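As the structure is a prediction and not an experimental result, all values here were calculated from the model.
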Amino acid sequence: MQSKVDQSARTKMQELRLICDKEIPIQQQKIDSAVLSFRRSLETLQSKAHKTVENQVKLGKLKAQLREVEDDLVKALAVKTRKEAKKMAIMDSISATKAKIEELKRIVEEHKARKDQCAAIISQQDIALATYEGKGDQVTGRREEIQEAIAWYNEVLGFQIEGGHGVKFIFTNINSKNPSEEYSFTIRHANDTYTLLDCSPHLNDIKELIHELNRTNGLFKFVRIMREKFQKAAEFGVLPQFTPLHQHSSTISISAPVSSVSTDSRDESPAEKNELQIKHEQTNWHSEKVIHEGGRHAFLSPGSALSLRRSPRFQVRK
């Protein structure tokens with residue numbers, strides 16, 4: 001029995017050995033193929049590792065290049081930003097310059113308009129100046145004749161006017177016994193009212209005459225009546241009394257009083273004084289002059305006075 005068991009065990013062992021012998025080459029082949037596959041995989045991995053290392057190196061270089069590119073991009077963006085800011089500043093400057101140019105054009109137009117206005121005014125002033133120069137030449141010629149007439153009045157009638165606080169009218173050749181004796185009165189015109197400041201000699205009805213003068217504003221007539229009153233007073237032997245006025249008087253070179261002349265001294269501009277002087281002298285040229293003829297008084301123009309002064313009859317009387 002035991003031998004059978006041994007025999008069967010050996011048989012199984014042989015079978016197993018045969019099986020193992022068959023399996024060993026197969027497994028060996030598998031192991032060889034696995035080793036070969038492993039080696040190939042290892043080589044592949046090694047090549048991949050080399051490639052990875054190379055790629056890492058390339059990646060480092062690319063990163064460095066990328067940083068450089070990024071730096072260049074930042075610089076480019078900064079330059080672009082500066083250029084845009086500069087462009088905006090230039091645009092603003094251009095806009096401001098255009099606005100300033102428009103403003104200057106407007107100012108130039110205004111100056112041109114003002115220049116035209118000034119040219120027109122200057123032209124008008126030149127015309128007016130030429131007119132006034134012509135009138136001035138006429139007035140200069142007439143002034144000489146007026147001065148001659150005034151000299152005749154002073155010599156024949158003894159009539160003169162002094163100005164100061166008021167206007168003083170002085171007459172001589174009133175008293176035939178004393179021709180140089182002065183008869184005078186002083187009036188002041190202010191606020192459209194005539195006021196008597198002095199009268200030498202004093203006349204009884206002088207208040208009524210002043211009232212009539214303020215009512216009619218007839219200064220010529222008043223002066224003529226006052227001369228007549230002085231002559232009558234001289235006939236009755238009433239002599240003038242010297243009553244000095246506390247005023248600064250200056251002789252006015254006019255030939256006769258004008259009713260529209262104010263006796264108050266007022267400040268005027270040189271242009272107004274010049275114009276008023278021309279108008280005043282022209283008015284005096286056409287104003288009436290007080291003269292004494294045959295014991296009566298009449299009104300004559302300076303031209304008539306000059307012709308009378310130069311006539312043989314008046315020269316004989318003188």
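Members clustered with V35: I31, by chain and number, using a 4.5 Å side-chain heavy-atom cutoff among hydrophobic residues. When hydrophobic side chains of Ile, Leu, Val, Met, Phe, Trp and Tyr are connected at separations under 4.5 Å, I94 ends up clustered with I90.
Shown here are the salt bridge (Lys or Arg N to Asp or Glu O under 4.0 Å) partners of D205, two or more places apart in sequence or in another chain: K229. With sequence neighbours excluded, the residues that form a side chain to side chain contact (heavy atoms under 4.5 Å, CB included) with I121 are Q125. Legend: residues meeting side chain to side chain contact (heavy atoms under 4.5 Å, CB included) with E235, ordered by chain and number and at least two apart, are absent. Taking S180 as the reference, N178 meet the side chain to side chain contact (heavy atoms under 4.5 Å, CB included) condition, with sequence neighbours excluded. By the side chain to side chain contact (heavy atoms under 4.5 Å, CB included) test, L196 pairs with F185, I187, C199, I206, I210, sequence neighbours left out.
In this structure, F171 and V223 have side chains that are in contact, with non-hydrogen atoms separated by less than 4.5 Å. Between S184 and F230 the shortest side-chain heavy-atom distance does not fall below 4.5 Å. Between H165 and L197 the shortest side-chain heavy-atom distance falls below 4.5 Å.
With rounding to the nearest 0.5 Å, the separation of CZ in F169 from CD in E162 is 11.5 Å. With rounding to the nearest 0.5 angstrom, the NZ atom of K63 is 9.5 Å from the CG atom of L66. For the atom pair F222 CZ and L219 CG, the distance stands at 7.5 Å (nearest 0.5 Å). Taking NE2 of H189 as the reference point, atom CG of L213 lies at 8.0 Å (rounded to 0.5 Å). For the atom pair Y183 OH and T172 OG1, the distance stands at 11.0 Å (nearest 0.5 Å). Distance check: D198 CG to K168 NZ gives 6.5 Å after rounding to the nearest 0.5 Å.
Between the S33 side chain and the Q29 main chain, a donor and an acceptor come within less than 3.5 Å of each other. In this structure, N214 contributes its side chain and T193 its backbone to no donor-acceptor pair below 3.5 Å.
Summarising the geometry of I174 relative to A234, their closest heavy-atom pair is CG2-CB, 4.0 Å, with the distance given to 0.1 Å. Contact record, Q160 with E182: NE2-OE2, 4.3 Å, taken as the closest heavy-atom pair. When all heavy atoms of A233 and L203 are compared, the pair lying nearest together is CB-CD2, 4.5 Å.
Each side-chain hydrogen bond (donor to acceptor under 3.5 Å, both in side chains) pair with one or both residues in residues 91-112, not counting sequence neighbours, appears once here: E103-R106, R106-E110. Sequence neighbours left out, not one pair with a member in residues 66-89 passes side-chain hydrogen bond (donor to acceptor under 3.5 Å, both in side chains).
Note on I225: it clusters hydrophobically with I161, by side-chain heavy-atom contacts below 4.5 Å among ILVMFWY residues.
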Which donor-acceptor pairs under 3.5 Å do side chains of residues 38-45 form with protein atoms, sequence neighbours excluded?
residue, atom, partner, partner atom, Å
S41, OG, S37, O, 2.9
T44, OG1, R40, O, 2.8

Side chains of residues 15-27: which donor-acceptor pairs under 3.5 Å do they make with residues two or more places apart or in other chains?
none

### Task
Show the numbers, then the answer: is there a side chain to side chain contact (heavy atoms under 4.5 Å, CB included) between N217 and Y194?
CA-CA 9 Å; N217 198 29; Y194 290 96; 2.9 Å; yes
